[in-house]
Amino acid sequence: MNRSMIQSAVSIGQLQKKLDLIGNNLANSETTGYKSRSADFSSLLYQQINNQSYQEAEVGRLTPQGVRIGTGAKLGHTNLDLTQGSLKETDRELDVALLENNHLFEVRVPTEAGEETHYTRAGNFYLTPVNDTQLMVTDADGYPVIGEDGDPILLVDDFQSINIDRDGSILVTRGDEQKMVEGRLNISEAVRPRMLESAGENRFRIPDDIAEEGLIEGVQPGNVRIQSKTLEASNVDVSKQMTEMLMAQRAYQLNAKSISTGDQMMGLVSQLRT
């Protein structure tokens, strides 16, 4: 197998990962609070072949001297885009949307290694009974939403109305009493969103080998901006994703054609030898 076929075979495998990433973005274009990801590629090992130096001909030259012969490209990193999506009014009391980029809700999720804190932009919350007298605020999958004290938000089940204020305060009305603050959503800010790892189901987590310090920071209630009775839509730009998909498919076809051409050339060489 010649070098061009090796380069093409390696690049095809990595381009397939980009196509999978684009497909995932398009599949979640209608998912509440979904954040798109983009792919960055980097070069694999390459060999530098330098030309003989000829200084008179190289006056004003801007390109590097010589030729780089590489071994293909790899998917170096996927970038998470936490910019805000469009807002949709729902008139549902437990639907809330974050108005600041990089702000996240916190959810407590049980795993095989124990409970973990996951982060999400999806603000479609629900009330789940936990005993005869209490209700717990949960996400769409039934996992408890974390309050400002670091624990799940529990409410006594005897109120007539409930709504969430712009600073994340949960207000309830009981009988003729005025609305009272029964809890507050804990909001975090992703300082380095690129480092967050996808945990599935539209949630993110901190990788095991990375410290939380400098990656996630708490947000003071005065800096929280929430819009109630509203949900944040996905920030996937469908037209951009379709363009990226077509470009990736063209690159895939080019590399596949390179493998086919290399195979034909090797076949011709074999026939000449015989």
Side-chain angles (χ1 to χ4, degrees), residues 28-35 82-111 115-174 179-190 193 196 198-206 216 218-235:
N28 287 281
S29 60
E30 297 297 327
T31 300
T32 299
Y34 177 80
K35 299 302 166 188
L82 282 179
T83 56
Q84 187 184 64
S86 59
L87 302 179
K88 296 181 180 179
E89 294 187 4
T90 63
D91 291 328
R92 182 174 174 270
E93 301 291 349
L94 290 176
D95 285 345
V96 290
L98 294 167
L99 301 182
E100 296 289 342
N101 293 337
N102 295 349
H103 283 193
L104 298 162
F105 300 110
E106 295 187 7
V107 180
R108 185 75 46 78
V109 179
T111 65
E115 289 188 336
E116 283 187 352
T117 299
H118 289 185
Y119 305 90
T120 182
R121 291 277 295 190
N124 47 334
F125 299 139
Y126 298 86
L127 296 177
T128 301
V130 291
N131 52 50
D132 294 336
T133 60
Q134 287 186 314
L135 298 172
M136 181 170 63
V137 180
T138 64
D139 69 352
D141 296 315
Y143 297 124
V145 178
I146 299 177
E148 63 177 348
D149 57 356
D151 294 323
I153 301 173
L154 298 175
L155 307 173
V156 179
D157 187 14
D158 62 350
F159 54 83
Q160 281 71 46
S161 65
I162 181 174
N163 71 296
I164 301 176
D165 203 4
R166 60 171 299 168
D167 64 350
S169 300
I170 298 178
L171 308 176
V172 299
T173 302
R174 291 188 173 90
K179 291 185 177 181
M180 302 175 60
V181 178
E182 294 283 323
R184 181 178 281 111
L185 298 171
N186 195 40
I187 307 300
S188 296
E189 180 180 5
L196 291 177
S198 176
E201 301 300 330
N202 202 16
R203 297 190 302 270
F204 310 100
R205 63 185 293 271
I206 298 175
I216 292 289
V219 180
Q220 296 299 321
N223 297 326
V224 174
R225 293 178 60 234
I226 289 177
Q227 184 170 328
S228 61
K229 299 182 181 180
T230 305
L231 287 179
E232 179 185 1
S234 165
N235 68 348

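Every heavy atom of this structure was used, including side-chain atoms; hydrogens, water molecules and symmetry mates were not.
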Q: Please identify which of these residues, Phe125, Phe204, Tyr143, Tyr119, meets the ring pair (Phe, Tyr, Trp, His ring centres under 6.0 Å) condition with Phe105.
A: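 Filter result, single survivor: Phe125.
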Q: Which atom names give the shortest non-hydrogen contact between Asp167 and Arg184, and what distance separates them?
A: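 Closest approach of Asp167 to Arg184, heavy atoms only: OD2-NH2, 3.8 Å.
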Q: Are Leu87 and Glu232 side-chain neighbours, meaning at least one heavy-atom pair lies under 4.5 Å?
A: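 The answer is yes, as the side chains (C-beta and beyond) meet within the 4.5 Å cut-off.
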Q: Do Arg166 and Gln227 touch side chain to side chain, with heavy atoms closer than 4.5 Å?
A: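 Sidechains of Gln227 and Arg166: no contact.
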Q: For the residue pair Leu94 and Leu127, establish whether any side-chain heavy-atom pair is separated by less than 4.5 Å.
A: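 In short, these two side chains touch, coming nearer than 4.5 Å.
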Q: Counting C-beta onward and ignoring hydrogens, is there a side-chain heavy-atom pair between Leu196 and Leu104 closer than 4.5 Å?
A: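 Yes. Closest side-chain heavy atoms under 4.5 Å.
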Q: Indicate whether any N or O donor in one side chain lies under 3.5 Å from an N or O acceptor in the other, for Gln134 and Asn131.
A: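 Per modelled atom types, Gln134 and Asn131 side chains form a pair under 3.5 Å.
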Q: So does Gln160 have more than 12 non-hydrogen atoms from other groups sitting under 6.0 Å from CD?
A: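 Correct, the count exceeds 12.
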Q: With the side chain counted from C-beta on, respond yes when Leu171 and Val181 share a heavy-atom pair under 4.5 Å apart, and no when they do not.
A: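 Contact flag for Leu171/Val181 side chains = yes.
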Q: Check each of Arg203, Glu106, Arg108 against His118 using the side chain to side chain contact (heavy atoms under 4.5 Å, CB included) test, and report the only one that passes.
A: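 When side chain to side chain contact (heavy atoms under 4.5 Å, CB included) is applied between His118 and each of Arg203, Glu106, Arg108, only Arg203 qualifies.
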Q: Taking all non-hydrogen atoms of both residues, which atom of Leu82 and which atom of Lys35 are closest, and how far apart?
A: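 Smallest interatomic distance, heavy atoms only, reads CD2-CG, 3.5 Å.
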Q: When rounded to the nearest 0.5 angstrom, what is the spacing between CG in Asn102 and OG in Ser188?
A: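 Those atoms lie 12.0 Å apart.
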Q: For Glu30 versus Ser234, what's the shortest heavy-atom pair and its separation?
A: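 Looking at all heavy atoms of both residues, the shortest contact is N-CB, 4.5 Å.
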Q: Go through the structure and list residues passing side chain to side chain donor-acceptor pair (under 3.5 Å) with Asp95, not counting sequence neighbours.
A: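 By the side chain to side chain donor-acceptor pair (under 3.5 Å) rule, Asp95 matches Thr90, Arg92.
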Q: Decide yes or no for Asp141 and Val107: does some side-chain heavy atom of the first lie under 4.5 Å from some side-chain heavy atom of the second?
A: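 With C-beta onward as the side chain, the pair stays apart.
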Q: Only pairs under 3.5 Å count here: list side-chain donor-acceptor contacts from residues 151-158, not counting sequence neighbours, and write none if there are none.
A:
unit_1	atom_1	unit_2	atom_2	d
Asp158	OD1	Arg174	NE	2.3
Asp158	OD1	Arg174	NH2	3.4

Q: Contact between Val137 and Ile170 at the side-chain level, heavy atoms closer than 4.5 Å - yes or no?
A: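 The answer is yes, as the side chains (C-beta and beyond) meet within the 4.5 Å cut-off.
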